[in-house]
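Starting off with a structure, shown below.
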Amino acid sequence: MQTAEIRQRWLDFFERNGHTVVPSASLISEDPSLLFTVAGMVPFIPYMSGLVPAPFDRATSVQKCVRTLDIEEVGKTTRHGTFFQMNGNFSFGDYFKREAITYAWEFLTGSLDSGCLGLDPQLLWVTVFENDDESISIWREVADIPMERIQRRGMKDNYWSTGQPGPAGPCSEIYYDRGPAYGREGGPEADEDRYIEIWNLVFMQFERGEGTGKDSFEILRELPKKNIDTGMGLERVAFLMQGVENLYEIDQVRPVLDAAATLSKKSYGASVEDDVRLRVVADHVRSALMLIGDGVTPANDGRGYVLRRLLRRTVRAMRLLGVEAPTFAELFPVSKNAMMAAYPELDRDFDRILRTALAEEETFLRTLSAGTVFLDEALAEVKATGSKQLAGDAAFLLHDTYGFPIDLTLEVAEEAGLTVDRDGFKALMAEQRDRAKADAREKKLGGTDLSVYSAFRALGVTKFTGYEELSTDSKVLGLIVDGADSQVASVGQIAEVILSETSFYAESGGQDSDAGFILGDGLKLEVLDVQKPVKGLISHKVLVREGEVTVGQRVSTSVDADWRVGACQAHSGTHVVHAALRQVLGPDALQSGSYNKPGYLRLDFSWNQALSLETRSEIEEVTNLAIRGDLAVSAQHMSLPEAREFGAVALFGETYDESVRVIQIGGPWSRELCGGTHVSRSSQIGLIALTGESSVGSGSRRLEALVGIEAFRSLAAERALVARMTEALKAPRELVEERLASTIEELKNAQRKLSALQSASLATRVPELISSAKVVKGVRLISQNLGALESVDDLRGLVSNTREKAGAESVVVALFAVIADKPMLVVATNEAARKSGAKAGQLVRVASAILGGGGGGKDDIAQGGGSDSTKITDAIEALTEAI
RNA sequence: GGGGAUUUAGCUCAGUUGGUAGAGCACCUGCUUUGCAAGCAGGGGGUCAGGGGUUCGACCCCCCUAAUCUCCA
């Protein structure tokens, strides 16, 4: 049975049983503490923890997941994949153990005709938590499983918690017996390769306390609402049902493996090592495909780094298979074709996905060739010293600094007949890990506790009225002072206020929060910040200016009107710039983040090179033409699929509800999903002036702009600058640039002439200097104070010139000058003088010490200086002595 | 978030306890030749990423900033 069919049967089965089908959430997790969605239940965490009331009693999903913790194990075992799909059914205070077990059994063993999987009940084993007799009796009753195929396991295997205080509970797992060919008898307790875990049922029953590890915590109490969370590994079931050996050989993955084998002219099954490499390629290509599909782009940290690693490990594996040429152009379409039955959006976005992958492959191939040069040098050096081993720190440097993978280093070293100090390398890697981990631990202490908000969120969603009005009558539902629930806050205190409804916009979608006041009877609260700490809940951070605020009090929210006008201009302006950007650069230039507040906007977008001045001007022009065009701005609500159909731009990394708000500017000209506040016609934006374009990391650029009156002020300031320049240069505006260039050119020429003139004039003094030579200890010494000179270069030129002209007989030229009010000297010796022991560097040191400074150089020429120019005569004497 | 590396002529890069910034390619001029990366001679081209500090003197040492590459979390 095809993987896509198992998936569909799953969803249909649970929908028939009253579950709401929830589409897979993005791989980019909404929870900022998680890099990716790592399990089927991740999107449901707020409902499980009670932070947000669940909108349904029971739900089911097939969730895309990425886990890279065991990335090194990929390909070596049957069941480690970096991308996988988890089928889940969930109950939020609705059904519990009995139904969960019943559904699981029915779906696995029910007949194919009835939409189930038709697995042989004789091959299924289950495990339960050691003292969970309730589950055992349900299993006996519902499935009639003999006791021999039910095993009890401890905390480590069959108890679930998040690792932190919160919900916890026992699990029951279902295993499939692959038969005696795959290992020992005795159930999952004996052999988890023969008995493959396919489904984990988690009974969220208790609340746990503080503690570390999997088993050292206290069970505090029963949960008031018990939940069910189950996860069936889609890939595992697929490989069992398709009668293949592991998850790399299922219909969604195998075609890539075959394509990699063809490209490398290897046959799968011929060599253990090559098989692992082929599986790595098959797994990583699929994971990368899915990640890029969800909007991740390669980067040097965070999610982007995980993607980069996957892509680079693929290139590396292909290299080890003997293919040095680019391969992504072949591999990615194969993976896409295998996955598109379940994920049709991959086909739609494939141009972008492939471009992203190809760009990274090209970058990495460049990195590799740079690393190869370095590695060859390092290996040659090792050989030169007669050693047989490349040091660990050299291998680490290659890996850490040049991104050259260790196993390629091993391979190349081996070809050169050398070994590599792997232990040294590992030690350095461990050191680096510890550094990063120590740092992460330090930072984590600042994590915020959101539990204080859950009670308020349970009262319902804060109604936002700010689209229609600036002022709204409301009621204080709650106060938080210093992170704790409070009944009252008085003058001078800072508090968070939860209201029944509000006209204040909370920071989101890049738009900064509104400013203004919350007013009541004798009460004045200045709003400092507005946030949504929990989905649906708006919290106002305020400073109490006058009076005292208490829970239950009637108040009215009053947003600063000027502020809001500026905020609307800036946010609509951001949409206009985004649309202009895409019009000029093409649809690849997609916004990856933004920030706007009155007068200012910032837009980060995916693009891999700096924008030229012309391109920037063009974007600015398109932007301002759209403003001048007085385009209508409208907002409408629709479902997410409808919005997609409508052509609205959804941003990656953002998560959207089922019902979304689409902002249109000029109809189809700009359509974006957005919850922000906007002007009603584009002309109200006024003016936009781009002020900067910069990089925010590889593959991502940032545009900054001023909006409205701020834009005007900035342009006015530049105009004033040009006015001052025309005045200073005495040239009309059109000629300023030319005049400036010609002035610089003239200045350069003049300087060149001047220095030529100077050295010529200095050259005329050479004969006089030579004739002034005095013989000291058998050496001719030419020493003089030349007075003020322009530069040390002149002095040095004169000294070496004099030495050349002075003939082969021994001579020491020591000339002094005052340059920029400081005494300087240059000493030169010829070969004969050096033979009789005169060293320029030594002489300079003696003389410059007298001048209150220092100096040095080589035996033939040296220079020095000091700070007291009245001592030059003394210095000449000392130098004469020193010869 | 924490490390490492790089930034020098239009391009690719040298630059040795701190003492006149170079090479190859490209460009311009001339000569020699008329062909496959032609040769010879001459020449132009540098805020040594930016800013600050130490020093008589900084491409070089110290500090800060930026960009790019890279590893780890």
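Order of the sequence lines sets the chain letters (A, B, ...), proteins ahead of strands, with each chain counted from 1. It should be emphasised that the depicted structure is a prediction, and the values quoted were computed from it without experimental measurement.
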Length of the CD1-C1' vector between A:I850 and B:C56, whole Å: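 About 14 Å, once rounded to whole Å.
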C1' atoms of B:A26 and B:G10, separation to the nearest Å: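 7 Å, rounded to whole Å.
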Rounded distance (nearest 0.5 Å) linking atom CZ of A:R834 with atom OG of A:S810: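 Nearest 0.5 Å value for the CZ-OG distance: 11.5 Å.
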Touch class at under 4.0 angstrom, heavy-atom based, for A:G856 against every strand present: base
Distance test, side-chain N/O of A:T367 to OP1/OP2 of B:C69, below 4.0 Å: no
Donor-acceptor pair under 3.5 Å, A:Q432 side chain vs B:G2 base: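 In this structure, the two groups form a donor-acceptor pair.
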Salt bridge (Lys or Arg N to Asp or Glu O under 4.0 Å) partners for A:D434, two or more places apart: none
Value in whole Å for how far the P atom of B:G57 lies from CD of A:Q863: 11 Å
Atom-pair distance (CD1 on A:I71; C1' on B:A73), nearest Å: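 Between C1' of B:A73 and CD1 of A:I71: 14 Å.
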All salt bridge (Lys or Arg N to Asp or Glu O under 4.0 Å) counterparts of A:R277, not counting sequence neighbours: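 Salt bridge (Lys or Arg N to Asp or Glu O under 4.0 Å) list for A:R277, sorted by chain: A:E273, A:D274.
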Rounded distance (Å) that lies between atom C1' of B:A5 and atom CG of A:L375: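 Taking CG of A:L375 and C1' of B:A5, I get 17 Å after rounding.
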Please list every donor-acceptor pair under 3.5 Å in which a side-chain atom of residues 839-853 of chain A meets a protein atom from a residue at least two apart or in another chain.
unit_1, atom_1, unit_2, atom_2, d
A:S848, OG, A:V844, O, 2.7
A:S848, OG, A:R845, O, 3.4
A:S848, OG, A:G855, N, 3.4

Distance, P atom - from B:G3 to B:U8, rounded to whole angstrom: 25 Å
Pairwise P distance for B:G45 and B:U34, with rounding to whole Å: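 Looking at atom P only, B:G45 and B:U34 are 34 Å apart.
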Out of B:U70, B:G4, B:U20, whichever nucleotide has its closest atom nearest the side chain of A:R308: B:U70
Nearest-Å distance for atom pair CG/P, residues A:L825 and B:G57: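 Nearest whole value for this atom pair: 14 Å.
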Under the salt bridge (Lys or Arg N to Asp or Glu O under 4.0 Å) test, residues paired with A:R422 that sit two or more places apart: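 Result, salt bridge (Lys or Arg N to Asp or Glu O under 4.0 Å) vs A:R422: none returned.
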Intra- and interstrand pairs of RNA chain B - dot-bracket, Watson-Crick/G-U under 3.5 Å, | marks other strand: (((((((..((((.....[..)))).(((((.......))))).....(((((..]....)))))))))))).
Which residues share a salt bridge (Lys or Arg N to Asp or Glu O under 4.0 Å) with A:R765, sequence neighbours left out: none
Phosphate contact (B:C71 OP1 or OP2) by A:R433 side-chain N/O below 4.0 Å: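 Negative; the distance criterion is not met.
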Distance below 4.0 Å between A:K822 side-chain N/O and B:G57 OP1 or OP2: yes
Rounded distance (Å) that lies between atom C1' of B:A73 and atom CG of A:L69: 12 Å
Touch class at under 4.0 angstrom, heavy-atom based, for A:G302 against every strand present: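 The answer is base, as A:G302 lies within the cut-off (heavy atoms under 4.0 Å) of a base atom.
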Shortest side-chain distance from A:D400, nucleotide among B:G4, B:U70, B:G2: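 Selected nucleotide: B:G4.
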Interatomic distance where CG belongs to A:L851 and C1' belongs to B:U55 [whole Å]: 15 Å
Separation of the C1' atoms in B:U32 and B:C40, to the nearest angstrom: 7 Å
Position toward the 5' end of RNA chain B (nearest nucleotide), A:F364 or A:L397: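 Taking each residue's closest nucleotide, the earlier one in sequence belongs to A:L397.
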Side chain to side chain, A:R319 and A:L365, heavy atoms closer than 4.5 Å: yes
A:R796 CZ to B:G18 C1', straight-line distance once rounded to whole Å: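 Taking CZ of A:R796 and C1' of B:G18, I get 13 Å after rounding.
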Separation of the C1' atoms in B:U17 and B:C59, to the nearest angstrom: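 That atom pair is separated by 16 Å.
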Pairwise distance CZ(A:R803) to CD1(A:I770) - rounded to 0.5 angstrom: 12.5 Å
Between B:G53 and B:C69 - P atom distance, rounded Å: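 Result for the P pair: 32 Å, nearest Å.
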Atom C1', compared across B:C48 and B:C13: separation rounded to whole Å: 13 Å
P spacing across the pair B:C60 / B:A9, given as an integer number of angstrom: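 15 Å, rounded to whole Å.
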Derivation of the side-chain contact (heavy atoms from CB on, under 4.5 Å) call for A:F404 and A:L368: CA-CA 6 Å; A:F404 199 83; A:L368 280 182; 3.8 Å; yes
RNA chain B: 5'-proximal contact among A:G865 and A:T401 (nearest heavy atom): A:T401
Given B:U20, B:C71, B:A73, the nucleotide with the shortest approach to the side chain of A:R309: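 Nucleotide nearest to A:R309's side chain: B:A73.
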